[in-house]
Number of protein chains: 2
Amino acid sequence: MTNDPSFVCIVDDDASIRQALAGLLRSVGLTVFAYPSTEDFLHDARPVGAGCLVLDVRLPGQSGLEFQRELEGMGIHLPVIFITGHGDIPMSVTAMKAGALEFLTKPFRDQDLLDAVHKAIELDRERRRDDAALSELRERFRSLTPREREIMLLVAAGQLNKQIAAALNLSEITIKVHRAQVMRKMQAKSLPDLVRIADKVSSLPFRFSGAEL
Amino acid sequence: MTNDPSFVCIVDDDASIRQALAGLLRSVGLTVFAYPSTEDFLHDARPVGAGCLVLDVRLPGQSGLEFQRELEGMGIHLPVIFITGHGDIPMSVTAMKAGALEFLTKPFRDQDLLDAVHKAIELDRERRRDDAALSELRERFRSLTPREREIMLLVAAGQLNKQIAAALNLSEITIKVHRAQVMRKMQAKSLPDLVRIADKVSSLPFRFSGAEL
DNA sequence: TCCAGGTCTATACCAACGTATAATCGTCCA
DNA sequence: TGGACGATTATACGTTGGTATAGACCTGGA
C-alpha cells in the first residue's frame, strides 16, 4: 500500500544533533538527509516521494519560523516538525498557526519524534496524491482552447446550450460541438462528473488558468 | 454587514481577571459573559449570534484543554482563545492542534487579546453562515422520501435515468417522476446545482441522513 | 373504514442533448 | 503557399430528459 519511497530532511546547525536524529530515524528504516543550514537544504536536489522536514527553530541567520514561511511562499508544502532547546510559547504558537505539525522541546522522547515523523509522512503522501490528481485535471483544462474553457464553465454553472449560445452570440450547434470536445478532453463521463472537475480546477489557487492563455 | 449580535464568553476562576478582561472587552463595545467555571458556562443559556470563548488553561477541576475537547465532542464549535499564567510549550501545542485560535501568556498586551477576539468572532460568523446554509440543505434532503433520496444520489453520481431504472428494477418514467420531485424539493435549478447540493449534504458528517429514515 | 401519502406505471408530446458529416473562414507557421 | 488548428455553422437523426395527465396499488393512521 504505502511502499512508495519516503524520506526525512533534518536541518540543524549542531552536527551532533544531526547525527543523533539521523541515527534514530535511520534505525526505523527511514531515508534521512541532514543539512547544517536551510541553504544547504534548498540547494540539494529535491528527494522523491513523500517526506517531511525536521527543523531546528533557532538557526544561524534565518530562523526556522521564517524558513517555514519561505517554504510556503515557494510552494513547497513539506510538513514541518520543529525541535528546539530554547523555545517559548509564542514561538510554538506562531509555528503551529503557520501549519507546523509538531513542536518538540529538547529533550524529547524518541518515540514522540518518530510518531510525528510517521504522521507527517503519511500526511504528505495524501497531499501528494491529491496534488497529483489535481495537476492532472489542470493539465487537461490547460489543453482546452479559450472557447472551450469558457463554455465548460458555463455548462458547469448550469446554463443550457441555448442560453450559452445567446450569451456568447453563437448558434446552439456551435456550443454542442465545443461541449462535446470539452467532455472528451476533460475525460468526463457525465455532466455531474464535469461539474465536479470544473469545481476542482477553478478552485482559488491558479484562478488565472480560467482567464489566461 | 456585520451588525448581527456578537459576544465573548470568559471562563476564569480568578474574579479579578474576569473583571479586568470583561472591562477591556466591553470597552470596545463587545457583549461579555463571564463565568468562574466551565460548569457555569455550560449551564448558562447559549447566547445568540457569533462569539468566542476566552478560556483559562488552568481551571479547578477540569483543565481548559479538556474542556476544549469536551466542547468539540458536544458539537459546540465556538472558537477558543486560551490565556494562561503558567503554561508550557506542550500545553500550547496541544491546544493549537485541537484547533485553538490563539494561546496568550499573561501578561499579554490588550491589543493582542482584542485582535484575537475580533478574528475569532469573524471566524465564528462565517462558520455559522456555512452551518446555516448546510442545515437548510439537509432539511430539504430530509424532506425527501427514501426513494427520492436514493434516486437523487444516483442522478448526482451521473447515472442515466434508464440506468437507474435498470438498477432499481423500475421503469424509466418512474425515475423521471421521482427525479422531478427531487429537483423541486431540493430547489435545484439545474443538474449541476443538484450535483453540488448532493455533494454537500452527503459529505461525511451525518452520513446516516442518506441511509436512514 | 376512509383518506393521505408513497410508490409505480402508462401515454403523449416537447425540449434538450449527443453525434455524425461536412463545409466555411481566419490565423499562424513551416 | 500549403497545411494545421481553432472557430463557426448547417443538416439530420437518434437519445435522453422534462412535464402533463391519469390511474393503480399499498399502508398506516384518523
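Here is how names work: the chains are called A, B, and so on, in the same order as the sequence lines, proteins then strands, and each is numbered from 1.
- Counting any heavy atom pair closer than 4.0 Å across all strands shown, A/L170 reaches sugar-phosphate atoms only and no base atom.
- Across the protein-nucleic acid pair, A/L191 atom CG and C/dC17 atom P stand 9 Å apart, rounded to whole Å.
- You'll find that the side chain of B/T145 is closest to C/dG6, out of D/dG17, C/dG6, D/dG6.
- Counting to the nearest Å, the P atom of D/dG17 and the CG atom of B/L194 are 13 Å from each other.
- Heavy-atom distances to DNA chain C give each of B/I173 and B/R147 a nearest nucleotide, and the one nearer the 5′ end belongs to B/R147.
- Atom CD in A/E150 sits roughly 16 Å away from atom P in D/dG6 (whole-Å rounding).
- At whole-Å resolution of the value, CD in A/Q181 and P in C/dT19 are 11 Å apart.
- Mapping B/E148 and A/N161 onto DNA chain C by nearest heavy atom places B/E148 closer to the 5' end of the strand.
- Residue contacts for B/T174: at a heavy-atom cut-off of 4.0 Å it reaches a base atom on one of the strands shown.
- Ion pairing between A/R147 and A/E150 holds under the 4.0 Å rule for side-chain N and carboxylate O.
- The closest donor-acceptor contact from the side chain of B/R58 to the backbone of B/S63 lies at 3.5 Å or more, if one exists at all.
- Checking C/dC17, D/dT8, D/dG17 against the side-chain heavy atoms of A/H178 singles out D/dT8 as nearest.
- A donor atom on one side chain and an acceptor atom on the other are found under 3.5 Å apart for A/E70 and A/Q62.
- For the 3.5 Å distance criterion, the side chains of A/S190 and A/D193 fail to qualify, holding no donor opposite an acceptor.
- Residue contacts shown for B/L160 are limited to sugar-phosphate atoms, with no base heavy atom under 4.0 Å away.
- When distances are taken from the side chain of A/K162 to each of C/dA16, C/dA10, D/dT9, the shortest belongs to C/dA16.
- Checked by atom type and distance alone, the side chain of A/D124 pairs as donor or acceptor with a backbone atom of A/G51 at under 3.5 Å.
- If you take CG of B/L144 and C1' of C/dT7, they are 15 Å apart, rounded to a whole angstrom.
- Remark: P of C/dA16 and CD of A/Q163 are 9 Å apart, rounded to the nearest angstrom.
- Between the CD atom of A/E172 and the C1' atom of C/dG18 there is a distance of 11 Å, rounded to whole Å.
- Protein atom CZ of B/R179 is 19 Å distant from nucleotide atom C1' of C/dT7, rounded to whole Å.
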